[in-house]
Amino acid sequence: QVQLVESGGGLVQAGTSLTLSCTASGTIYANDAIGWFRQAPTKDREFVAAVRWRLNDKIYADSVKDRFTISRDAAANTVYLQMNNLKSEDTAVYYCAVDRSPTRATMKISSEYDIWGQGTQVTISD
């Protein structure tokens, strides 16, 4: 059973950058997808970005696609989320998750993901 650990969160000012990491212990299979989601207080969990492991194709939420970049390092079993030009509305707990049977159509759906990390807090101050 793979376990996911997120890191890299913190308190930063608006307009700056932050990079989150999601490191997996255990096997990430070629057909897996790794996704980033976030949840702000009083809001539902929302999709941020995802990448399919073998194909390395990526999708983004419209709200972040010009500012965030998802990437993976297969040798390190790690997925990164580079976040630029951060805004106060990006404040949330960020989670990574594994989808063992993804399709491009389902990669944005949190209920499709099988294994979740514990989350890392990102707080953006104005």
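Positions are given from 1, in the same order as the sequence printed here. All values derive from a computational prediction rather than experimental measurement.
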Q. Got a sec, which pairs hit disulfide (SG to SG under 2.5 Å) with one end in residues 50-97, sequence neighbours left out?
A. C22-C96
Q: Using a cut-off of 6.0 Å, state whether more than 12 heavy atoms not belonging to Q118 lie near its atom CD.
A: yes
(Q) Going by side chain to side chain donor-acceptor pair (under 3.5 Å), name the residues that satisfy it together with R52, two or more places apart in sequence or in a different chain. (A) D57
Q) Got a sec, which residues hit side chain to side chain donor-acceptor pair (under 3.5 Å) with T106, two or more places apart in sequence or on another chain? A) T103
Q. Does a side-chain N-to-carboxylate-O contact under 4.0 Å join D62 and K65?
A. yes
(Q) By the salt bridge (charged side-chain N to carboxylate O under 4.0 Å, His left out) test, which pairs, at least two apart or in different chains, include something from residues 108-126? (A) none
Q: Count the heavy atoms of every other residue, nucleotide or ligand shown that sit under 6.0 Å from CD of Q13, and state whether that count exceeds 12.
A: no
Q: Just jot down the side-chain contact (heavy atoms from CB on, under 4.5 Å) partners of S17, sequence neighbours excluded, or say none.
A: Q82, N84
Q. How would you list all residue pairs meeting disulfide (SG to SG under 2.5 Å) that involve residues 49-90, not counting sequence neighbours?
A. none
Q | Q39: partners by side-chain contact (heavy atoms from CB on, under 4.5 Å), with sequence neighbours left out | A | R45, Y95
Q.
With a 4.5 Å cut-off on side-chain heavy atoms, are R72 and T78 touching?
A. no
Q: Any pair with a residue in residues 29-78 that passes disulfide (SG to SG under 2.5 Å), sequence neighbours left out, goes on the list, sorted by first then second residue, please.
A: none
Q. Quick one: hydrophobic cluster around L86, which other residues, with the 4.5 Å side-chain cut-off, linked directly or via members?
A. V2, L4, V12, L18, L20, I28, I34, W36, V48, V51, W53, Y60, V64, F68, I70, V79, L81, M83, Y94, V98, I115, V122, I124
Q. Backbone N or O of R38 within a donor-acceptor pair of the E46 side chain at under 3.5 Å?
A. no
(Q) To check you understand the geometry: which heavy-atom pair defines the closest contact between S71 and K58, and what is its length? (A) CA-NZ, 4.4 Å
Q: Determine whether R67 and K87 make a side-chain contact, defined as any pair of heavy atoms from C-beta on separated by less than 4.5 Å.
A: yes
Q.
Could you work out, with ring-ring contact (aromatic ring centres under 6.0 Å, His included) as the rule, every residue matching F37, not counting sequence neighbours?
A. F47, Y113, W116
Q. So do S125 and L11 actually touch side chain to side chain, heavy atoms under 4.5 Å?
A. yes
Q) Residues two or more places apart in sequence or in another chain: which of them pass side chain to side chain donor-acceptor pair (under 3.5 Å) with S21? A) none
Q | Which residues share a side chain to side chain donor-acceptor pair (under 3.5 Å) with S88, sequence neighbours left out | A | none
Q. Q121 and T123: side-chain contact (heavy atoms from CB on, under 4.5 Å), yes or no, with the steps?
A. CA-CA 6 Å; Q121 176 71 47; T123 304; 3.3 Å; yes
Q: Quick one: closest heavy-atom pair of A40 and A92, and the distance?
A: N-CB, 3.8 Å
